[in-house]
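Working notes for the structure below.
So that the names make sense, note that chain A is the first sequence line, chain B the second, and so on, each numbered from 1.
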2 protein chains.
Amino acid sequence: MKCITEKSEDKIKDAARRVFLKKGFDGTTSRDIAREADMNIALTNYYFRSKEKLFLEIFSEVFAQYFSNTIEILNKKIGIKEKISEMIEHDFDMMKNEPDMVIFIMNEIHKEPDRLFTGMSHFKQLQETYFTKQLEEGIAAGTIRDLRMENLLPLIKCSVEFIYLAKPIHKKLYNMTDEDFEKFAETQKEHIKEMICSYLVIG
Amino acid sequence: MKCITEKSEDKIKDAARRVFLKKGFDGTTSRDIAREADMNIALTNYYFRSKEKLFLEIFSEVFAQYFSNTIEILNKKIGIKEKISEMIEHDFDMMKNEPDMVIFIMNEIHKEPDRLFTGMSHFKQLQETYFTKQLEEGIAAGTIRDLRMENLLPLIKCSVEFIYLAKPIHKKLYNMTDEDFEKFAETQKEHIKEMICSYLVIG
DNA sequence: CATAGTTTTAAATGGTTGTTTAAATTATTC
DNA sequence: GAATAATTTAAACAACCATTTAAAACTATG
């Protein structure tokens, strides 16, 4: 049976995701969510028992999304340089499509780390990728600098994600329009690729 | 006349700074601040008129602090490599001493960029440093890669600040204690220095 | 010590919060 | 199509929010 109209439960969840991502847990009220979903206030609790439960459900989905594509790319059977390039491209796209995601995750985890780490299976997946094997082989062969996965990954992620995290500051600092900023980001992207690859690959 | 005990106004401001940095504007109540300062609730409004006014005052101080030492270092009469190294060391120290600062600034600006940028004189100071001149000279002489200040600065800041922003994730991801994390951060620091300097300096 | 000014207090303000209730409406089942 | 279950609604709940009030306590000055 096809459903043209979204089910109420999903409508609320989607609306809540949008509002939570934009305003964070503390900045969001149950009434904000109901208004965004265009539904009665009581329904939030009817379907999800509490604001907290709804939030936790959404957070773990967003957190999984943050890692999922990364794991996919890390497992691709392509060369290291190409892989790093693709990782960086993917991160750029992610920051463009989901500009609120990273700051949301960082901020919520920062406020209460313990409550949010429950059954995170992405973690093991992230450590056991083909990329880790590639790195080890390259290091053994002397073509890749001796660098552990957990040191390399932040070097990649930070460069891309940070400039978007600090986008409002950059815009203000150098008097940029949104268009200017995207140009700036493109330039930055090439620097990042070049810098990381030339550091990683020996000779 | 010496004051052994802090004045009430300062006590409130200091307490508010601590709470705001930890929980953000939305997560902080006037009662939280009064409790932290060990004072009556009404005093917050007696001295600062409103929670919003108190917040804005604190935010602009924190934001200035975030840039102040950076500007100082950029104006030092030392070599580029040494300067980058010092910048990185400074950022590490800052993240250790004020672990809440960067995520606080990023998050508050992200939520409402316009309200927080009022009379930020640090911006011009940041663009007109001795470091900019050094870069231009190096580029002209062919010893430094053609890289604009606004592209280089994020490369430095991101690497350091991001790993601390993602500290809870790293700890969870690689099962680290706080001690383990500090060791990890030290290793990362050396990679960052080496990577940025070897990219920037030609030959 | 009286008085004027400043600081602190307990209590109350009106509004908003997350959540619940119980009735009304719609959908499903036999 | 009547009975049962699931969904939606308006209204209410106590708790808490930022802020204000007006009286009390304190300090300084003459």
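For the pair B:S30 and D:dC17, the criterion of a side-chain N or O lying under 4.0 Å from OP1 or OP2 is not met.
No more than 12 heavy atoms of other residues, nucleotides or ligands sit less than 6.0 Å from atom CG of B:N175.
Qualifying salt bridge (charged side-chain N to carboxylate O under 4.0 Å, His left out) partners for B:K81, counting only residues two or more places apart in sequence or in other chains: none. Looking at residues two or more places apart in sequence or on another chain, you find no side-chain hydrogen bond (donor to acceptor under 3.5 Å, both in side chains) involving A:K183. Residues passing the salt bridge (charged side-chain N to carboxylate O under 4.0 Å, His left out) test with A:E112, sequence neighbours excluded: A:R115. For B:K53, the side-chain hydrogen bond (donor to acceptor under 3.5 Å, both in side chains) test picks out no residue, with sequence neighbours left out. Residues satisfying the side-chain hydrogen bond (donor to acceptor under 3.5 Å, both in side chains) criterion with B:E128, sequence neighbours excluded, are absent altogether. Residues meeting the side-chain hydrogen bond (donor to acceptor under 3.5 Å, both in side chains) test with A:Q125, sequence neighbours left out: none.
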Distances under 3.5 Å between nitrogen or oxygen atoms of protein and nucleotides 14-16 of chain D:
none

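When rounded to the nearest whole Å, the span between NZ of A:K11 and P of D:dT7 equals 15 Å. Across the protein-nucleic acid pair, A:E9 atom CD and D:dT7 atom P stand 9 Å apart, rounded to whole Å. Between A:F55 atom CZ and C:dT19 atom P there is a gap of 13 Å when expressed in whole angstrom units. What separates CG of B:N45 from P of C:dA11 is a distance of 19 Å, to the nearest Å. The CZ atom of A:R49 sits 13 Å away from the P atom of C:dT21 (whole-angstrom rounding). Rounded to an integer number of Å, the gap from NZ of B:K7 to P of C:dT6 is 13 Å.
Under 3.5 Å, the side chains of B:Y199 and B:E194 contain no donor-acceptor pair of N or O atoms.
For the segment residues 14-28 of chain A, no residue has any heavy atom less than 4.0 angstrom from an atom of DNA chain D. Of all the residues in residues 37-44 of chain A, A:N40, A:A42, A:L43 reach under 4.0 Å from DNA chain D with at least one non-hydrogen atom.
Applying the side chain to side chain donor-acceptor pair (under 3.5 Å) definition to pairs two or more places apart or across chains, none involves residues 37-51 of chain B. Listed by first and then second residue, the salt bridge (charged side-chain N to carboxylate O under 4.0 Å, His left out) pairs that reach into residues 20-31 of chain B are B:K22-B:D100, B:K23-B:D32, B:D26-B:K111, sequence neighbours excluded.
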Apply salt bridge (Lys or Arg N to Asp or Glu O under 4.0 Å) to A:E150 and A:R148, showing your working.
CA-CA 5 Å; A:E150 59 257 43; A:R148 303 193 57 183; 3.2 Å; yes
The test is ring-ring contact (aromatic ring centres under 6.0 Å, His included); show your working for A:Y66 and A:F104 and say whether it passes.
CA-CA 11 Å; A:Y66 175 65; A:F104 168 77; over 10 Å; no
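Using a 4.0 Å heavy-atom distance criterion, B:Y47 is classed as a sugar-phosphate-only contact.
A cation-pi arrangement is not found for B:K171 relative to B:F181, the charged atom failing to lie both closer than 6.0 Å to the ring centre and inside a 45° cone about the ring normal.
The side chain of B:Y46 lies closest to C:dT8 when the candidates are C:dT20, D:dT19, C:dT8.
Taking the six-membered ring wherever Trp is involved, the centroid distance between the rings of A:F25 and A:F55 falls below 6.0 Å.
Summary of helix geometry: the two end axes of the helix from C:dC1-D:dG30 to C:dT17-D:dA14, each defined by five base pairs via their C1' atoms, are inclined to each other by 30° (rounded to 10°).
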